[in-house]
Amino acid sequence: DQQVKQNSPSLSVQEGRISILNCDYTNSMFDYFLWYKKYPAEGPTFLISISSIKDKNEDGRFTVFLNKSAKHLSLHIVPSQPGDSAVYFCAAIASGGYQKVTFGTGTKLQVIP
Amino acid sequence: NAGVMQNPRHLVRRRGQEARLRCSPMKGHSHVYWYRQLPEEGLKFMVYLQKENIIDESGMPKERFSAEFPKEGPSILRIQQVVRGDSAAYFCASSPFIEADTQYFGPGTRLTVL
């Protein structure tokens, strides 16, 4: 049962334009959400996070939006750069203490120069 | 401060052999997590350990798989009698305390079972 879903396995965007990566979740106990970026042959690296008490968090070119009623979050990257080309994982943590992270299946972003 | 270290980076085993994957957490981190990524899938939680204790092993197969995080030395994920379906990338992550809102991941060990 995939509790965190990323329905777009891949996305191509022109350099300088906006990249929008989407994520849906089903578990109402999730209250903290993260985005990770992963290059080939490397481990995921943390990018940005958002608590369920917020609906937006911004860090430089990266903004995460959370719509709790729709159980949907999105990551916006603007402007997109070729170095952003990677696999992006949406992830979630349920309330209850420790950090058991549930990952989505990932979206491969390609930014075309 | 060195990051999370995993070795080996690549491991090839024949069916029926044992695989031992090692993870050295970041300095000062006492919480270790193991994840498995099968081809074309996301990372799946396997086990969460603190020093000398398994806190949550709900994601780990009941048979053939075991994990430990001794008082001294790295955390070990052990897979006995490997089968082809065990072929995957195994990632370790560490965090400094239970309230950490991020985990730091190692580069992973890619296990191939022939």
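Hydrogens, waters and symmetry mates play no part in the numbers below; they use all other heavy atoms, side chains included. Every value quoted in this text rests on a predicted model; they were computed, and no experiment measured them. In what follows, every chain begins at residue 1, and chains take the letters A, B, ... in the order their sequences are listed.
- Between chain B and the residues Pro44(A), Gly104(A), Gly106(A), the largest count of heavy-atom pairs under 4.5 Å involves Pro44(A).
- Residues Val4(A) and Ile48(A) fall within the same hydrophobic cluster, defined by Ile, Leu, Val, Met, Phe, Trp and Tyr side chains chained together at heavy-atom separations under 4.5 Å.
- Proximity to chain A at a heavy-atom threshold of 4.5 Å picks out Phe105(B), Gly106(B), Pro107(B) from residues 105-112 of chain B, in numerical order.
- Here Arg61(A) pairs with Asp84(A) under the salt bridge (charged side-chain N to carboxylate O under 4.0 Å, His left out) rule; sequence neighbours left out.
- There is no contact between Gln6(A) and chain B, counting heavy-atom distances below 4.5 Å.
- For Glu68(B) (side chain) and Arg78(B) (main-chain N/O), no donor-acceptor pair under 3.5 Å exists by modelled atom type.
- The backbone N or O of Tyr25(A) sits nowhere less than 3.5 Å from a side-chain atom of Lys71(A) that would complete a donor-acceptor pair.
- Thr105(A) contributes no side-chain N or O that, together with a main-chain N or O of Gly42(B), makes up a donor-acceptor pair within less than 3.5 Å.
- Using a 4.5 Å cut-off between heavy atoms, Tyr104(B) makes no contact with chain A at all.
- With hydrophobic clusters built from ILVMFWY side chains whose heavy atoms lie under 4.5 angstrom apart, Val47(B) shares a cluster with Ile79(B).
- By a heavy-atom distance cut of under 4.5 Å, not one residue of residues 14-24 of chain B is near chain A.
- Using a 4.5 Å heavy-atom cutoff, the side chains of Tyr48(B) and Ser58(B) are not in contact.
- Using cut-offs of 30° and 60° on the angle between ring planes, the pair Tyr36(A) and Phe103(A) is tilted.
- Counting only heavy atoms from C-beta outward, the side chains of Leu11(A) and Tyr88(A) never approach each other to under 4.5 Å.
- Between Leu21(A) and Ile77(A) there is a side-chain heavy-atom pair separated by less than 4.5 Å.
- No side-chain donor-acceptor contact under 3.5 Å links Ser74(A) to the backbone of Asn22(A).
- Minimum interatomic distance between Ser52(A) and Leu66(A) (heavy atoms only, all atoms of both residues): CA-CD2, 3.7 Å.
- For a residue to count as touching a neighbouring chain, one of its non-hydrogen atoms must lie under 4.5 Å from one of that chain's; by this rule Gln6(B) does not touch chain A.
- A side chain to side chain donor-acceptor pair (under 3.5 Å) with Asp24(A) is found for exactly one of Lys5(A), Gln3(A), His72(A), namely His72(A).
- Between Tyr33(B) and His31(B), the two ring planes are parallel [angle under 30°; tilted spans 30° to 60°].
- Listed for the Gln50(B) side chain is no donor-acceptor partner under 3.5 Å among the backbone atoms of Ile55(B).
- Within residues 86-94 of chain B, the residues that have a heavy atom under 4.5 Å from a heavy atom of chain A are Phe91(B), listed by number.
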